[in-house]
Amino acid sequence: MSFTHLHVHSHYSLNDSINPIDKLVEKAKQLNATALAVSEHGSLRSSYDFWKECSKRNIKPILGIEAYIVDDHTQRNPDEKNKHILLLAQNEVGWNNLKELSAIAAIDGFYRNPRIDLDLLKRFNQGIICTTACVGGVLSWELCKADPEQETTRCGRGMQWAIYYFRKLLEIFGTDRFFLEIQLLDMVNQHYANQMMLSLSQKFNVPLVLTTDCHYLNAEEAKVHDILIRSARSKTLADGEGYCYGTDQIWMKSEQEIWDTYYNQPFRYISPDQIKSAMANTVAIAESVESYRPYKTKDTYPKFTTDKFEGDTFKFLCALAWKGFKEKGLDKQSLEEQNEKYKARLFSELKAIKESGFTDYFLIVWDIINYARQIDTLIGCGRGSMSGSLVFYCLGCVTLDPITYNLPFERFLKPGQRVSPPDADLDFEAVKVPEIVAYIKQKYGKDKVCNISTSNTLQLRGAVKDVARVFGIDFAETNSATEKIPFKARSFKELDEIKESKEKTIIQSYFDAHPEVERIARRLEGTPKHPSVHAAGILITPTKTQDWIPVGYVATSETKVCEWDMYAIEEINLLKVDILRLNTLDIIKKILGMINF
């Protein structure tokens with residue numbers, strides 16, 4: 001294949017793309033791609049799922065980001081626009097630098113978007129390939145935003161800024177890792193940008209690269225994508241003709257479709273040889289990218305430290321467990337047979353914990369609960385499978401005796417079969433949770449502890465309402481229909497499976513009257529809408545979080561988060577602790593206080 005897609009967005013470029021990761025990689029496979037890049041806007045959140053999906057299909061994954069760049073990422077200038085720049089990791093060093101850039105952009109540089117600057121690129125450029133992105137790119141922006149009628153302004157100030165950034169980027173990346181990006185989009189600004197890239201390429205001998213800036217998979221999905229954009233911008237179809245992005249050409253094109261676009265639209269100022277060269281450069285970039293795993297596999301758990309037993313944490317855990325065993329009177333059972341049963345169970349569990357390598361996990365959970373007790377926190381009796389652990393019972397982490405209630409330990413932890421840490425859900429009164437989380441950050445390091453992100457997705461009702469709003473359909477009509485959707489039907493699939501009923505007839509009549517709403521809503525269902533924070537999950541890593549996983553920022557909650565979700569965290573064996581806020585425990589504590597009074 002003589003072309004590789006390098007500028008590609010999945011639906012994790014929120015409200016900007018409609019490409020599910022699996023469908024994206026599947027389409028690339030259909031095009032006989034041997035490599036494929038992903039480059040979300042200001043985020044690395046899709047990188048793990050993308051890497052995993054590409055690995056399944058024997059496609060080389062190229063992990064990247066379309067970053068936002070400003071003059072100074074520490075300044076908040078409301079008049080400054082965030083320009084785009086495309087960064088692709090060439091190897092593991094580059095991947096680690098992308099994570100550093102992304103973390104700094106999210107934590108220190110967030111203002112409307114996560115932002116970086118040239119100084120950061122200079123510090124963290126090793127192993128990274130840079131291209132100039134789209135018409136909103138770092139070179140194109142000043143040129144393309146100028147008034148088309150004022151050529152002096154466009155070619156004067158705009159070109160000066162372009163040359164300034166061009167020289168800086170060339171100095172940072174050199175001619176072997178810096179590429180001038182052209183796109184075959186029939187828009188006035190794109191033509192200006194292309195012509196500038198051609199001029200710079202010829203004058204300074206910097207290679208061109210051709211991209212399609214893929215936001216949807218097939219040509220017929222242009223309208224679906226446009227509906228998503230209009231919905232995000234609170235616009236309707238009546239707010240202007242054409243497409244919000246000014247083009248219907250940003251799908252994952254085959255090589256033949258790229259050539260058809262070139263010959264059928266006004267791009268003859270670019271020679272066929274320049275197109276061939278720009279396409280060949282995409283393959284050269286893909287071939288220069290090394291294969292690597294985007295996460296670490298060794299020593300993934302934080303270490304619990306103790307000055308007892310010469311720092312031997314397993315001996316410390318055993319000592320705590322046997323101490324609790326005696327304090328609970330389990331060594332003084334009336335029947336010798338029962339006593340031996342408890343001892344055998346405790347020996348068995350401790351052995352399993354050691355063999356599985358989860359000693360630190362058990363001690364960390366114990367330490368959190370121990371601190372909660374020190375600050376007079378009401379704690380739950382033990383939730384789910386953790387109640388099956390006699391070790392946790394002896395440590396005082398649960399109040400249920402698993403042998404008395406015949407609760408199996410194997411449901412919580414089974415040696416040889418459980419790769420991820422066992423899942424201990426810790427229930428605390430809600431008012432004390434901020435103090436407990438603050439303790440965890442103080443104990444293990446603020447830079448090593450963060451919340452876990454989630455993505456709120458468009459569900460059946462929300463998708464129908466959003467699409468109908470863009471079409472300008474009366475809200476009362478849409479709301480009346482969606483209210484009749486059976487509660488258990490949270491998706492179109494579940495709705496389809498429901499037998500005929502009065503409620504289903506109502507919503508089907510609505511769809512019959514507005515077939516385009518149904519068609520587009522079905523396509524947009526499941527699309528991530530906006531990032532959120534997991535209600536309870538806390539990630540604790542051995543070193544700073546971005547050494548292990550990309551870090552982002554959820555603006556609505558002003559919270560640092562790891563960008564990969566809880567399922568990815570479990571798969572790569574990182575430590576997640578669920579700190580649950582239970583308002584019922586607050587109420588119980590108040591009642592107990594009233595009784596004692």
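Along the sequence shown, residues carry numbers from 1.
Shown here are the salt bridge (Lys or Arg N to Asp or Glu O under 4.0 Å) partners of Asp376, two or more places apart in sequence or in another chain: Lys589. Shown here are the side-chain hydrogen bond (donor to acceptor under 3.5 Å, both in side chains) partners of His534, two or more places apart in sequence or in another chain: there are none. Scored by the salt bridge (Lys or Arg N to Asp or Glu O under 4.0 Å) test, Arg581 finds no partners at all (sequence neighbours excluded). Residues passing the side-chain hydrogen bond (donor to acceptor under 3.5 Å, both in side chains) test with Arg45 are Ser43, sequence neighbours excluded. Annotation: side-chain hydrogen bond (donor to acceptor under 3.5 Å, both in side chains) contacts of Trp366 (sequence neighbours excluded): none. By the salt bridge (Lys or Arg N to Asp or Glu O under 4.0 Å) test, Asp578 is found to be paired with Lys576, residues two or more places apart in sequence or in another chain being considered. With sequence neighbours excluded, the residues that form a side-chain hydrogen bond (donor to acceptor under 3.5 Å, both in side chains) with Asp547 are Thr543.
Residue pairs meeting the salt bridge (charged side-chain N to carboxylate O under 4.0 Å, His left out) criterion with at least one member in residues 527-538, sequence neighbours excluded, are Asp466-Lys529. Residue pairs meeting the salt bridge (charged side-chain N to carboxylate O under 4.0 Å, His left out) criterion with at least one member in residues 92-114, sequence neighbours excluded: Glu100-Lys544. Legend: side-chain hydrogen bond (donor to acceptor under 3.5 Å, both in side chains) pairs involving residues 49-61, not counting sequence neighbours, sorted by first then second residue: Lys52-Glu571. Screening residues 384-397 for salt bridge (charged side-chain N to carboxylate O under 4.0 Å, His left out) gives no qualifying pairs among residues at least two apart or on separate chains.
Between the side chains of Arg373 and Tyr371, no donor N or O sits under 3.5 Å from an acceptor N or O.
Ring centers of His11 and His9: at least 6.0 Å apart, outside the cut-off. For Phe304 and Tyr361, the ring centers are positioned 6.0 Å apart or more.
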Working for side chain to side chain contact (heavy atoms under 4.5 Å, CB included), residues Ile69 and His84: CA-CA 6 Å; Ile69 188 167; His84 296 172; over 6 Å; no
Hey, mind stepping through Ser288 and Gln90 against side chain to side chain donor-acceptor pair (under 3.5 Å) and telling me if it holds? CA-CA 7 Å; Ser288 74; Gln90 200 170 22; 3.1 Å; yes
For residues 388-399, tabulate all N or O donor-acceptor pairs below 3.5 Å that involve a side-chain atom, not counting sequence neighbours.
from	atom 1	to	atom 2	distance (Å)
Ser389	OG	Glu349	OE1	3.1
Ser389	OG	Val391	N	3.4
Ser389	OG	Phe392	N	3.1
Thr399	OG1	Cys381	O	3.4

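To the nearest 0.5 Å, the span separating CD1 on Ile368 from CD1 on Ile538 amounts to 9.0 Å.
Between Asp117 and Lys122 no salt bridge is recorded (no basic side-chain N to carboxylate O distance below 4.0 Å).
Residues Leu44 and Trp95 meet the side-chain proximity criterion, which asks for heavy atoms closer than 4.5 Å.
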